[in-house]
Amino acid sequence: EDQVTQSPEALRLQEGESSSLNCSYTVSGLRGLFWYRQDPGKGPEFLFTLYSAGEEKEKERLKATLTKKESFLHITAPKPEDSATYLCAVQGGRDDKIIFGKGTRLHILP
Amino acid sequence: DGGITQSPKYLFRKEGQNVTLSCEQNLNHDAMYWYRQDPGQGLRLIYYSQIVNDFQKGDIAEGYSVSREKKESFPLTVTSAQKNPTAFYLCASTSRNEKLFFGSGTQLSVL
């Protein structure tokens, strides 16, 4: 069964304290792995797409990496405005549908 | 502006009532999705459609129905059979192998 597991469920960091969020997945025939940011009461906002193991992408304080079993979202020197829920999703499998993990709630303390 | 529009933003359902959530996109995307999100939870797939006049059940389709008569539109009906409908509903669309574009969501509550 295709599955996406994110850890930790919640993370509190001090401003400037770097860390990483994990997304482990099992899917046959990965077509893409996606990272999204979601603020309360809003739709998810796209961050990155990764297609193959070894690929990396960066945007401001965020960097996403991909292996054959997991992806990491590294956040460097975070600011309070980076506080949000970060969602990971994969597309693939027999039905080619997109499934999401439960997300990591990130809170950056000033 | 191209985008995906959900309406209404807030919706209240009475017991035994069916309600329909609207989702329209002008991005010329073939695939459209409906997700349900409960507080503190991720997105769970209800239904998805990869082409017009065709759709598949997701992980939690019971108590919901959809139609895909036009490429631009993918309405979701929450039927009276859905006993716990209170949630945040998100519609999304995509071209093949591309990112999902999300609407702003509909918050459904039970009166």
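For clarity, every value in this text was computed on a predicted model and none was experimentally measured. Just so it is clear: chains get the letters A, B, ... in the order the sequence lines come, proteins before strands, and each one is counted from 1.
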Kindly check if the number of other-residue, nucleotide or ligand heavy atoms within 6.0 Å of [atom1] ([X]) is above 12?
| X | atom1 | result |
| --- | --- | --- |
| B:Glu69 | CD | no |
| A:Lys97 | NZ | yes |
| B:Glu62 | CD | no |
| B:Lys9 | NZ | yes |
| A:Arg12 | CZ | no |

In one Ile/Leu/Val/Met/Phe/Trp/Tyr side-chain cluster, 4.5 Å: [X], [Y]:
| X | Y | answer |
| --- | --- | --- |
| A:Trp35 | A:Leu11 | yes |
| A:Leu66 | A:Phe100 | no |
| A:Ile99 | A:Leu21 | yes |
| A:Phe34 | A:Val90 | no |
| A:Leu33 | A:Leu73 | yes |

Any idea which heavy atoms bring [X] and [Y] closest together, and the distance?
| X | Y | value |
| --- | --- | --- |
| B:Phe88 | A:Gln38 | CE2-NE2, 4.1 Å |
| B:Leu100 | A:Tyr36 | N-OH, 2.8 Å |
| B:Tyr33 | A:Gln91 | OH-NE2, 4.1 Å |
| B:Leu90 | A:Pro44 | CD1-CD, 3.8 Å |

For the [atom1] atom of [X] and the [atom2] atom of [Y], what is their distance to the nearest 0.5 Å?
| X | Y | atom1 | atom2 | result |
| --- | --- | --- | --- | --- |
| B:Lys99 | A:Glu45 | NZ | CD | 9.5 Å |
| A:Phe46 | B:Phe102 | CZ | CZ | 11.5 Å |
| B:Tyr35 | A:Leu87 | OH | CG | 10.5 Å |

Q) Which residues in residues 44-61 of chain B have a heavy atom less than 4.5 Å from any heavy atom of chain A? A) B:Leu45, B:Tyr48, B:Gln50, B:Asp59
Q) Non-hydrogen atoms of chain B under 4.5 Å away: do they reach the side chain of A:Lys42, the backbone, both or neither? A) backbone
Q) Looking at A:Gly41, A:Ala89, A:Cys88, which makes the most heavy-atom pairs under 4.5 Å with chain B? A) A:Gly41
